[in-house]
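First up is the structure itself, then whatever we jot down about it.
Counting starts at 1 for both ligands and their atoms, in listed order.
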Amino acid sequence: MSKVMLITGAGRGIGAATARLAAQRGYAVAVNYRSDKAAAEGVVADIEAAGGRAIAIRADVAVEADILAMFETVDRELGRLDVLVNNAGVVDQVCRVEDMDAERIDRMMRINVTGPFICAREAIKRMAKRHGGQGGAIVNVGSAASHLGGADEYVDYAASKGAIDTMTEGLSKEVAGDGIRVNTVRPGVVRTTIHASGGNPEKTDVAGSVIPMGRIGEPEEIAEGVLWLADAGFTTGALVDIDGGV
Ligand code: NAP
């Protein structure tokens, strides 16, 4: 039977590339999306056309009830979960901290921090040996912003990814004895639509000049790291930088 991977925010960008690669490696894949059903169904269709197995599931990771329903759908339709990829995340308009309101910061933290925590909780309930599970892996998609800080762009986003780094450190130790590994990839600038949605579409043009390797990353390059961590039997608590040297 195929191993099962749930990837949040997999309709496009890094999540979609990870879904396609996971299916190639033999995973049955749950492709979560929030609003763009057609994009998620397109990823599922690509996977099925290549002979793989996938389903699309709508859920907003900022809404706990959506997350619970999503995990129940995975249980019912794909079976026992082996890997959770906490990928869904957002930036917001470029903004200095002195101009940020509480609503913006709350939304960022709900999607980028609370969502991954609640998804991790639901995964642990299913994977942990203490709950009768067979172990598994959680791979978070963090960001180089967590150590760069996001000054003059989005310090709130950088801080949300800092929380993911710390969650990785603590949770990996907490659940290691339950057979669950917890790791994080930290991409630098990657060619996806996240920059345009944050009102910063030119970020992918300028970033190449300030990255030591002289170019931005491709979603497929981040997906390789996620899949390596999903299967890396003796690695836990790791923050893996995939950022062209920043
Ligand atoms: P993207 O192209 O903007 O795609 C985001 C995906 O997440 C979409 O499928 C979107 O679904 C989904 N999503 C957004 N909010 C959601 C929510 N509340 N609930 C469920 N799904 C949600 O983003 P990306 O660039 O691939 O980023 C993926 C991850 O990588 C994020 O965590 C991001 O912070 C991180 N990252 C990206 C970069 C970069 O340069 N691209 C760099 C470092 C880290 P819909 O389309 O249905 O709305």
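- For the ring-ring contact (aromatic ring centres under 6.0 Å, His included) condition, no pair includes a residue of residues 55-98, sequence neighbours left out.
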Just the distances, no angles: every ligand 1 N or O to protein N or O pair closer than 3.5 Å, one line each.
residue, atom, partner, partner atom, Å
ligand 1, 2 (O), T193, OG1, 3.1
ligand 1, 3 (O), R12, NH1, 3.1
ligand 1, 9 (O), G9, O, 3.4
ligand 1, 9 (O), G11, N, 3.2
ligand 1, 18 (N), D60, OD1, 2.8
ligand 1, 19 (N), V61, N, 2.9
ligand 1, 25 (O), T192, OG1, 2.5
ligand 1, 26 (O), I14, N, 2.8
ligand 1, 32 (O), N87, O, 2.7
ligand 1, 32 (O), K161, NZ, 2.9
ligand 1, 34 (O), Y157, OH, 2.6
ligand 1, 34 (O), K161, NZ, 3.2
ligand 1, 40 (O), V190, N, 2.7
ligand 1, 40 (O), V190, O, 3.4
ligand 1, 40 (O), H195, NE2, 3.0
ligand 1, 41 (N), V190, O, 3.4
ligand 1, 41 (N), T192, OG1, 3.0
ligand 1, 46 (O), R12, NE, 2.8
ligand 1, 46 (O), R12, NH2, 3.0
ligand 1, 47 (O), R34, N, 3.1
ligand 1, 47 (O), S35, N, 2.7
ligand 1, 47 (O), D36, N, 2.7
ligand 1, 48 (O), S35, OG, 2.9

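- Applying the ring-ring contact (aromatic ring centres under 6.0 Å, His included) test to pairs two or more places apart or on separate chains, those with a residue in residues 139-158 are Y154-Y157.
- T193 and R12 form a side-chain donor-acceptor contact under 3.5 Å, judged by distance and modelled atom types alone.
- Side-chain heavy atoms closer than 4.5 Å link hydrophobic residues (I, L, V, M, F, W, Y) into clusters, and following such links, possibly through other members, connects V31 to V141.
- Side-chain polar atoms of T184 and T168 form a donor-acceptor pair below 3.5 angstrom.
- Under the salt bridge (Lys or Arg N to Asp or Glu O under 4.0 Å) criterion, R186 pairs with D165, D241, not counting sequence neighbours.
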